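Below: the structure, in structure tokens.
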Amino acid sequence: MTWYNTALGDKMDYLEKLNGQQRQAVTAGLGQILVLAGPGSGKTRVLTYRVAQLIGQMGVAPYHILSVTFTNKAAREMQNRLTQLIGPEAEQMWLGTFHSICAKILRRESAYLQLDSNFVIMDADDQVTLVKRIVKDLNLNDKQYKPSSLHAAISSAKNNLQAPKDLPIGNYRDEIIVRVYERYLHMMQSNNAVDFDDLLVLPVRLLQNNPEVREKYSRRFEHILVDEFQDTNMAQYELLRLLAGYHKNIFVVGDEDQSIYRWRGADYRNVLRFEEEYPNCQKILLEENYRSTQVVLDAARSVIDHNPHRTPKRLASARGKSGEKISVYTAVDDRGEAAYVVDTIQKLLKSKQANGGDIAVMYRTNAQSRLLEEAFLQSGMPYRLVGAQRFYGRREVKDIIAMLRLVQNPADEISLLRVINVPPRGIGDKTLLSLQMAALQHNISSGQVVLDMGKNGPDSPYWKSFAGRGAAPLADFGAILLGWYESASTAPLPTLFDRVINDCNYQNYIDDGTDEGTDRWENIQELRKLAYDYQERGLIDFLENLALVSDQDTLPEGGGSAPTLLTLHAAKGLEFERVFITGLDEGLMPHSRSLDDPEEMAEERRLFYVGLTRAKDVVYLVRSTQRSTYGSSEASEPSRFLRDLPAELVIQQGLAGSRRSPTGASDWRNGVYRGGNSSRWEDSGISTHSSSSSSLSGSYTVPPPPRKAAPPPAQQRFKATMRVIHPNYGEGVVLESRMEDGDETVDVHFKSVGFKRLIASLAHLEIIP
DNA sequence: AGATGAGCGGTTTTT
DNA sequence: CCGCTCATCT
């Protein structure tokens with residue numbers, strides 16, 4: 001038993017590395033264990049060692065262990081670590097997110113459900129598209145019944161394990177919701193599809209309704225471990241309860257103060273529910289913090305202490321030193337905010353006080369990343385943007401995924417309708433209507449109709465359902481699809497992928513020669529690379545993983561070398577030496593949608609707390625007195641959370657405390673930061689639009705632009721009224737030029753783009769004689 | 001059937 | 001300010 005020996009060998013190491021509370025958790029006996037773990041208290045380590053302990057010391061076979069993580073990345077890291085600790089047997093364990101584990105169960109047990117094992121997973125867009133269709137079918141007013149809000153109602157019902165009949169009906173709208181919900185379920189089923197919520201709900205129903213299945217799984221999982229327990233919802237809680245029903249060995253780790261997914265149905269009171277359900281559970285507190293300085297922890301604590309109804313916890317830094325104070329910078333506007341962040345980072349890197357990979361910039365909403373990205377692009381510094389949606393949400397990527405989904409599951413009508421006329425092949429609304437009628441009449445899916453027409457041509461029984469010229473293009477598409485099926489069953493995934501691209505001439509369709517077209521085609525290439533990684537595992541796994549990637553999954557495991565831009569939600573579970581949190585204004589953080597509900601306000605505060613506690617060493621909080629929404633600029637007030645920070649832990653910088661200058665940003669000099677707008681970094685190498693090159697699976701790294709190390713000119717080359725030419729902007733006229741900091745700053749009016757401020761040594765500006 | 005343009009509505013957070 | 005829907009035209 002190699003794993004036993006390996007674990008025994010490591011045991012001396014790992015138990016000694018733990019503090020008393022951690023060791024208590026790792027070595028706890030059977031039964032229910034509730035670990036309340038403050039930020040940075042080593043809970044990942046505890047979970048990993050607990051599994052090692054179960055296998056190595058308590059003799060539990062990996063096969064009998066289920067471990068639930070919050071992201072796929074966390075699962076991967078845990079898997080790697082465990083393989084190191086106990087050997088390849090670790091792979092026998094079930095380890096993954098709720099959603100991936102549930103998908104696994106559903107595919108195995110599809111016989112019990114009205115579902116084929118090749119079901120597809122509908123993403124958020126598909127779900128709304130489906131609701132949109134229902135709204136149309138039911139002749140509802142889509143202004144009054146917005147598909148997105150109907151879908152939200154359905155989703156929240158599902159997360160609470162409520163079927164349509166369980167929903168309370170108090171008004172007409174409730175009735176509508178029930179009807180839409182029923183139809184939604186029906187359509188999902190006839191599409192052989194599940195949505196994110198079904199992934200959780202269906203296994204619960206499966207276990208509830210089938211004692212033999214429940215028996216099988218609950219006997220199998222002798223031990224269940226769950227991370228981020230405070231963010232479980234009703235369905236997840238119930239699933240755990242059922243799975244742990246036989247052995248009742250369940251080890252959960254959580255922190256009520258870090259619960260940030262209420263809007264998704266998560267309920268930190270599941271922690272209380274757990275204690276009530278298992279009165280004999282052992283409760284272990286992890287309060288020692290190995291991550292942050294005491295300053296960071298004190299600040300974080302004074303923020304979270306404002307939340308009512310919580311157990312106050314101490315947060316003690318094990319790091320000894322008290323640490324740098326928190327800097328609060330007030331910029332003039334949101335551009336200045338971004339410029340401050342980028343400039344500060346640039347100085348840190350230049351002075352070698354930090355490595356890019358140790359820095360994170362966080363924000364409340366994704367929209368805030370744009371100005372930051374622009375500032376980074378202009379500075380020429382590389383950065384990494386966390387957000388899978390950015391990549392998978394792109395039209396071209398969705399198109400190809402829809403085509404592949406159709407190959408996996410011809411009943412997927414959402415995908416069929418998406419791509420049946422992509423690129424345009426003469427199939428319009430009228431033909432589609434006839435197609436749906438034909439499918440309905442014969443009680444088969446639209447996909448089957450198309451396939452049959454592709455196979456049998458005019459001999460197909462469905463041919464006559466179409467008025468004359470409508471049938472031919474459908475049959476053409478059907479024939480193409482048939483080819484893809486054949487390819488799917490005989491050839492590896494990359495071959496199928498290429499065939500799909502080629503058969504519909506997709507490159508020609510998407511790449512029109514513009515920068516945007518090239519970018520689109522590059523995205524397809526990225527997707528293809530990913531398909532290559534899945535050639536062993538195949539189409540179903542590929543599509544499933546695409547559907548279930550989380551934002552964090554796109555982060556490289558080692559961290560990387562560029563600063564990371566991410567939402568506060570995406571920052572959960574991560575840590576960085578230096579953390580910038582931007583947009584600390586009322587309305588953004590806390591978000592305006594949370595102002596009237598105390599529960600939501602409390603969650604905003606927890607979100608801020610999560611952000612603060614990501615920092616090991618230094619926190620930079622940033623806000624601005626003005627920001628643009630929908631194009632127009634509006635004044636904004638400092639976030640109420642800033643008031644919660646003890647004054648002695650904070651250094652105010654920027655505009656704070658000063659009166660505003662009528663001349664605006666560039667007048668502000670306070671010795672720390674002197675750039676009020678970012679035009680100082682304007683550079684020829686980079687275009688101002690934010691077309692970043694994407695890298696694998698949706699995380700973007702923008703490489704520093706190639707710069708020829710031209711020595712700064714000793715003297716002025718340009719003068720007003722000179723005609724100049726620029727490689728990107730073309731021809732222009734110099735408005736003004738002056739020497740600044742040993743370099744020449746040139747203002748040019750270009751015919752193409754208008755005014756630009758350029759640095760002579762960087763811009764490849766030529767004088768037209 | 002498909003391409004083009006006016007008008008409008010909409011920003012939380014994501015598996 | 002941007003992206004999407006709908007109406008109108010070719």
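Within every chain, numbering begins at 1; the chains are lettered A, B, ... in the order of the sequence lines, protein sequences first and strands thereafter. Just so it is clear, the structure is predicted and the values come from calculations on it, not from any experiment.
Partner of Leu543(A) under the side-chain contact (heavy atoms from CB on, under 4.5 Å) criterion, chosen from Leu548(A), Asn118(A), Ile401(A): Ile401(A).
Both Ile427(A) and Ala570(A) lie near DNA chain B, and the one whose nearest nucleotide falls closer to the 5' end is Ile427(A).
Rounded to whole Å, the distance from CZ on Arg370(A) to P on dG3(C) is 8 Å. Straight-line distance from the CG atom of Asp126(A) to the P atom of dT15(B): 15 Å, rounded to whole Å. Atom pair Phe608(A):CZ and dT13(B):P shows a separation of 18 Å (rounding to whole Å applied). Nucleotide dG2(B) holds its C1' atom 14 Å from the CG atom of Leu432(A), rounded to whole Å. Taking atom CZ of residue Phe70(A) and atom C1' of nucleotide dT14(B), one finds them 8 Å apart after rounding to whole Å. Rounded to whole angstrom, the span from the CG atom of Leu548(A) across to the P atom of dT15(B) amounts to 10 Å. His569(A) places its NE2 atom 16 Å from the P atom of dT11(B), with the value rounded to the nearest Å. Regarding Glu599(A), its CD atom lies at a distance of 17 Å from the C1' atom of dT13(B), rounded to whole Å.
As judged by a 4.0 angstrom heavy-atom cut-off over every strand, Thr431(A) is placed among residues touching the sugar-phosphate backbone only. Among the heavy atoms of the strands lying under 4.0 Å from Arg425(A) are primed sugar atoms or P, OP1, OP2 only; no base atom is included. Here Asp123(A) lies out of heavy-atom contact (under 4.0 Å) with every strand. As judged by a 4.0 angstrom heavy-atom cut-off over every strand, Asp197(A) is placed among residues making no nucleic acid contact.
For the pair Asp399(A) and Arg520(A), the salt-bridge criterion is not met [side-chain N within less than 4.0 Å of a carboxylate O]. Salt bridge present: Asp257(A) and Arg310(A) bring a charged side-chain N and a carboxylate O closer than 4.0 Å.
Rounded to whole Å, the separation between the P atoms of dT13(B) and dC4(C) comes to 16 Å.
Taking every side-chain heavy atom of Thr567(A) into account, dT13(B) is the closest of dT11(B), dT13(B), dT15(B). Comparing dT11(B), dT14(B), dG2(B) against the side chain of Pro424(A) picks out dG2(B) as the nearest. Listed nucleotides dA1(B), dT15(B), dC1(C) differ in distance to Lys430(A); the shortest reach to its side chain belongs to dA1(B).
Contact annotation: the side chain of Leu566(A) approaches that of Met362(A) to within less than 4.5 Å [non-hydrogen atoms, C-beta and beyond]. With a 4.5 Å cut-off on side-chain heavy atoms, Leu527(A) and Leu546(A) count as touching. Side-chain contact check for Ser149(A) versus Arg173(A): some heavy-atom pair is nearer than 4.5 Å.
One side chain, Arg384(A) or Thr564(A), offers a donor N or O that lies under 3.5 Å from an acceptor on the other.
Remark: ring of Tyr261(A) not stacked against base of dT14(B); the cut-offs of centroid gap under 5.5 Å and plane tilt under 30° are not jointly satisfied.
Environment of CD in Glu637(A): sparse, with no more than 12 heavy atoms of neighbouring residues, nucleotides or ligands closer than 6.0 Å.
Between Asn366(A) and the phosphate of dT13(B), there is a side-chain N or O to OP1/OP2 separation shorter than 4.0 Å. Dashed line: the shortest gap from a side-chain N or O of Ser100(A) to OP1 or OP2 of dT15(B) is not under 4.0 Å. Here Asn421(A) reaches the OP1 or OP2 of dG2(B): one of its side-chain N or O atoms lies under 4.0 Å away. Under 4.0 angstrom from either OP1 or OP2 of dT5(C) there lies at least one side-chain N or O belonging to Lys132(A).
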Atom pairs under 3.5 Å: protein N/O with N/O of nucleotides 6-9 of chain B:
none

